[in-house]
> 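This is the structure I want to talk about, given as structure tokens.
The shown structure was predicted, so the numbers you read here are calculated from the model rather than taken from an experiment.
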Amino acid sequence: MSFAHPWLEETPWPTQLLSKQQLEAKIERISTMTNLGYLGTVRKDGSPVVSPVEFYTHHLTLYIFPQANSPKTKAIKRDPRISFAVANPMAGWTCVMGAQFFGTGTLLDPGTEEWELGMKVFKYPSSNFEMGRDFNRLPPGQLLRIDPERIVYTEHMLRKEGYAPRQIWHRDQDDVQAKQGRYAGT
């Protein structure tokens, strides 16, 4: 038995669901704890490829500034299906906290209204500093917006509070469906 965390040994694990509002707050929190995530795209042959990228969020929408003509940009143009993972680096699986986003990637062209909105979210001055560019100049190029359809959130500390450690958010489901068990563990 775990001396430090006896609640970890409880089986079966709790299955109680967070409300959609609670779950969204948890997902937003993990999405602001770091700005490094892992972008999964689909290669020409159908196999996956994952790249570490800088990202920023607005509510549950992710923004990434990919290099022009990079393999990930070409992959998104060919197949916009995206997976994205973010995790809080912690010691031990007991305090694992992370989210996996599944959805569609859209490359936004510079100067468009959507691009302008995304650039209000993306913290380009710090990237400009690292690249030796003027802080105030908007970087050229397309911006990637990821619109999630499903997000899998994992936090083992939820078990201590009686909630399932894995909770699943769906864009088109409200709390009525959540109460029926349609987004926890499925």
Side-chain angles (χ1 to χ4, degrees), residues 17-88 97-124 127 138-155 164 166-178 180-186:
L17 303 176
L18 294 168
S19 70
K20 192 166 188 179
Q21 182 179 3
Q22 288 173 305
L23 181 54
E24 287 176 353
K26 294 270 188 190
I27 295 166
E28 285 186 66
R29 176 71 177 128
I30 189 65
S31 299
T32 62
M33 295 176 92
T34 184
N35 67 335
L36 176 65
Y38 300 91
L39 173 67
T41 56
V42 181
R43 291 182 175 156
K44 278 184 189 178
D45 67 3
S47 63
V49 63
V50 176
S51 306
V53 294
E54 178 182 17
F55 78 99
Y56 297 95
T57 62
H58 179 253
H59 188 54
L60 302 178
T61 301
L62 304 166
Y63 291 94
I64 298 164
F65 203 89
Q67 289 181 321
N69 296 318
S70 67
K72 66 179 109 352
T73 302
K74 290 176 183 175
I76 293 163
K77 287 178 182 177
R78 193 174 46 256
D79 187 339
R81 292 177 297 162
I82 297 286
S83 64
F84 187 84
V86 60
N88 188 22
M97 182 189 306
Q100 300 169 67
F101 294 72
F102 301 91
T104 303
T106 304
L107 292 165
L108 308 174
D109 291 322
T112 62
E113 190 175 318
E114 293 172 312
W115 186 87
E116 297 283 341
L117 173 66
M119 291 309 291
K120 289 178 183 175
V121 175
F122 195 87
K123 296 179 176 131
Y124 64 86
S127 295
L138 287 170
Q142 292 180 310
L143 185 64
L144 171 61
R145 183 187 69 215
I146 299 175
D147 298 304
E149 295 165 16
R150 181 172 63 100
I151 303 171
V152 179
Y153 178 77
T154 302
E155 180 186 338
R166 184 173 137 209
Q167 305 267 337
I168 301 178
W169 175 93
H170 289 276
R171 179 179 52 210
D172 297 328
Q173 291 183 345
D174 60 17
D175 276 343
V176 172
Q177 290 166 313
Q180 295 171 357
R182 296 201 182 177
Y183 74 89
T186 59

> So how far is it from T154 OG1 to K26 NZ, rounded to the nearest 0.5 Å?
12.5 Å
> How would you list, by chain and number, every residue that makes a salt bridge (charged side-chain N to carboxylate O under 4.0 Å, His left out) with R81, sequence neighbours excluded?
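R81 satisfies salt bridge (charged side-chain N to carboxylate O under 4.0 Å, His left out) with D79 once adjacent residues are dropped.
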> Identify, with sequence neighbours excluded, every residue that meets salt bridge (charged side-chain N to carboxylate O under 4.0 Å, His left out) alongside E114.
R145
> Take atom CD of Q67 as the centre, draw a 6.0 Å sphere, and report whether it contains more than 12 heavy atoms from other residues, nucleotides or ligands.
no
> Just how far is it from atom CZ of R78 to atom OG1 of T41, taken to the nearest 0.5 Å?
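The CZ atom of R78 sits 8.0 Å away from the OG1 atom of T41.
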> Show, in sequence, the C-alpha distance, side-chain angles and deciding distance for R150 and I168, and conclude whether the side-chain contact (heavy atoms from CB on, under 4.5 Å) test is met.
CA-CA 7 Å; R150 181 172 63 100; I168 301 178; 3.7 Å; yes
> Going through the distances and angles, do E149 and F102 end up as a side-chain contact (heavy atoms from CB on, under 4.5 Å)?
CA-CA 6 Å; E149 295 165 16; F102 301 91; 5.9 Å; no
> Check this for me: R171, atom CZ, are more than 12 non-hydrogen atoms of other residues, nucleotides or ligands nearer than 6.0 Å?
yes
> With a 4.5 Å heavy-atom cut-off, do P139 and M119 have their side chains touching?
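In short, these two side chains touch, coming nearer than 4.5 Å.
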> Decide yes or no for L117 and Y63: does some side-chain heavy atom of the first lie under 4.5 Å from some side-chain heavy atom of the second?
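Yes, side chains in contact.
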> Could you grab the distance from atom CE of M33 to atom CD of E28, nearest 0.5 Å is fine?
13.5 Å
> Mind checking whether N35 and K123 have side chains closer than 4.5 Å, heavy atoms only?
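Side chain of N35 against side chain of K123, heavy atoms only: no contact under 4.5 Å found.
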> How many angstroms lie between atom CD of Q21 and atom CG of L23, to the nearest 0.5 angstrom?
11.0 Å
> Taking side-chain contact (heavy atoms from CB on, under 4.5 Å) as the test, write out the residues that go with A99, two or more places apart.
I30, V86, F101, I151, Y153
> Under the rule for side-chain contact (heavy atoms from CB on, under 4.5 Å), what residues qualify as partners of L36, not counting sequence neighbours?
T34, Y38, P52
> Below 6.0 angstrom between ring centroids: does that apply to Y124 and F65?
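Ring centres of F65 and Y124 not closer than 6.0 Å.
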> Sub-3.5 Å donor-acceptor pair from the side chain of S31 to the main-chain atoms of I27, do we have one?
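Pair found, side chain donor or acceptor close to backbone of I27.
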> Going by the rule side-chain contact (heavy atoms from CB on, under 4.5 Å), which residues pair with K77 if we only count those two or more places apart in sequence or in a different chain?
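T73, L107, Q142.
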> For the atom pair CD (E24) and CG (L18), what is the distance rounded to the nearest 0.5 Å?
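The CG atom of L18 is 11.0 Å from CD of E24, to the nearest 0.5 Å.
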> Do you know the tightest heavy-atom contact between G141 and P110?
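Looking at all heavy atoms of both residues, the shortest contact is O-CG, 3.3 Å.
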> Sort out for me which residue in I64, L60, T106, T61 forms a side chain to side chain contact (heavy atoms under 4.5 Å, CB included) with I146.
I64
> Which residues satisfy the side-chain contact (heavy atoms from CB on, under 4.5 Å) test with P80, sequence neighbours excluded?
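Checked P80 against side-chain contact (heavy atoms from CB on, under 4.5 Å); matches are T104.
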> For G111 versus E116, what's the shortest heavy-atom pair and its separation?
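It is CA-OE2, 3.8 Å.
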> For the residue pair Y56 and F122, does the interplanar ring angle fall in the parallel (under 30°), tilted (30 to 60°) or perpendicular (over 60°) class?
perpendicular
> Can you confirm whether Q167 sits close enough to E155 that some side-chain heavy atom of one is under 4.5 Å from a side-chain heavy atom of the other?
no
> Closer than 3.5 angstrom, by distance alone: can the side chain of K20 be matched with the main-chain N or O of H170 as a donor-acceptor pair?
yes
> Any side-chain heavy atom of L39 within less than 4.5 Å of one from L144?
yes
